[in-house]
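Have a look at the structure below, then the notes.
We number each residue from 1, following the sequence as shown. All values below come from the heavy atoms of this structure, side chains included, with hydrogens, waters and symmetry mates left out.
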Amino acid sequence: CLRTDCGSSAVSLRFIAPLDERMRASLVSTGADTDLTNILLSKVPTISRASAQDFVTAFLAAVKALHQSKDLVSAVASAGRGPINMMVQAALLTRDSGVG
């Protein structure tokens with residue numbers, strides 16, 4: 001999703017460990033979304049804080065839906081509105097098609 005929304009250079013392997021830590025924390029507590037937003041802003045400083053927060057909200061909704069075996073697109077759609085949310089939904093719809 002991030003690659004589709006922010007460009008291919010937005011994903012770096014050196015951020016995987018701290019990202020994984022915060023993702024695991026976000027599944028059991030609140031407040032991890034701020035950490036994830038800050039990680040995203042440090043990697044893609046050209047986006048606004050509001051856009052980063054919208055992306056993190058949509059992304060976490062998809063991750064939680066995945067762990068609960070629910071429909072990812074529906075979960076993201078109910079998590080918020082706006083262009084970032086729509087782009088995440090589009091990325092999820094095309095994730096298995098090889099598009100992007």
Side-chain angles (χ1 to χ4, degrees):
C1 291
L2 183 61
R3 196 172 288 168
T4 300
D5 294 342
C6 300
S8 61
S9 63
V11 179
S12 171
L13 291 178
R14 69 181 158 203
F15 285 103
I16 295 298
L19 183 60
D20 183 54
E21 255 177 53
R22 283 159 183 92
M23 290 294 298
R24 290 178 194 277
S26 74
L27 294 173
V28 294
S29 69
T30 57
D33 56 339
T34 302
D35 289 341
L36 292 172
T37 299
N38 290 335
I39 289 172
L40 179 56
L41 286 170
S42 73
K43 184 62 181 161
V44 189
T46 55
I47 64 171
S48 69
R49 179 164 290 279
S51 292
Q53 289 169 334
D54 288 349
F55 179 84
V56 168
T57 298
F59 184 75
L60 289 177
V63 169
K64 287 176 184 176
L66 183 65
H67 283 98
Q68 297 171 354
S69 298
K70 295 184 179 178
D71 181 61
L72 279 61
V73 176
S74 296
V76 170
S78 20
R81 300 190 188 278
I84 300 294
N85 187 286
M86 292 296 285
M87 288 189 292
V88 171
Q89 290 177 58
L92 289 170
L93 287 170
T94 60
R95 71 188 170 123
D96 295 326
S97 69
V99 174

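- Taking each heavy atom of D71 and A65 in turn, the nearest pair found is O-CB, 4.1 Å.
- Closest of all the heavy-atom pairs between A62 and L92 is CB-CD1, 4.2 Å.
- Using a 4.5 Å heavy-atom cutoff, the side chains of F55 and V88 are in contact.
- Of all the heavy atoms in I47 and L41, the pair that sits closest is O-CD2, 3.5 Å.
- Heavy-atom minimum distance, N85 versus A58: ND2-CB, 4.2 Å.
- There is no path of hydrophobic side-chain contacts, each under 4.5 Å, that joins M86 to L60.
- Distance CD/Q53 to CG/D33: 8.0 Å, rounded to 0.5 Å.
- Put simply, the side chain of L66 reaches to within 4.5 Å of the side chain of L72, judged on heavy atoms.
- Residues L40 and R49 are not in side-chain contact: their nearest non-hydrogen atoms beyond the backbone lie 4.5 Å or more apart.
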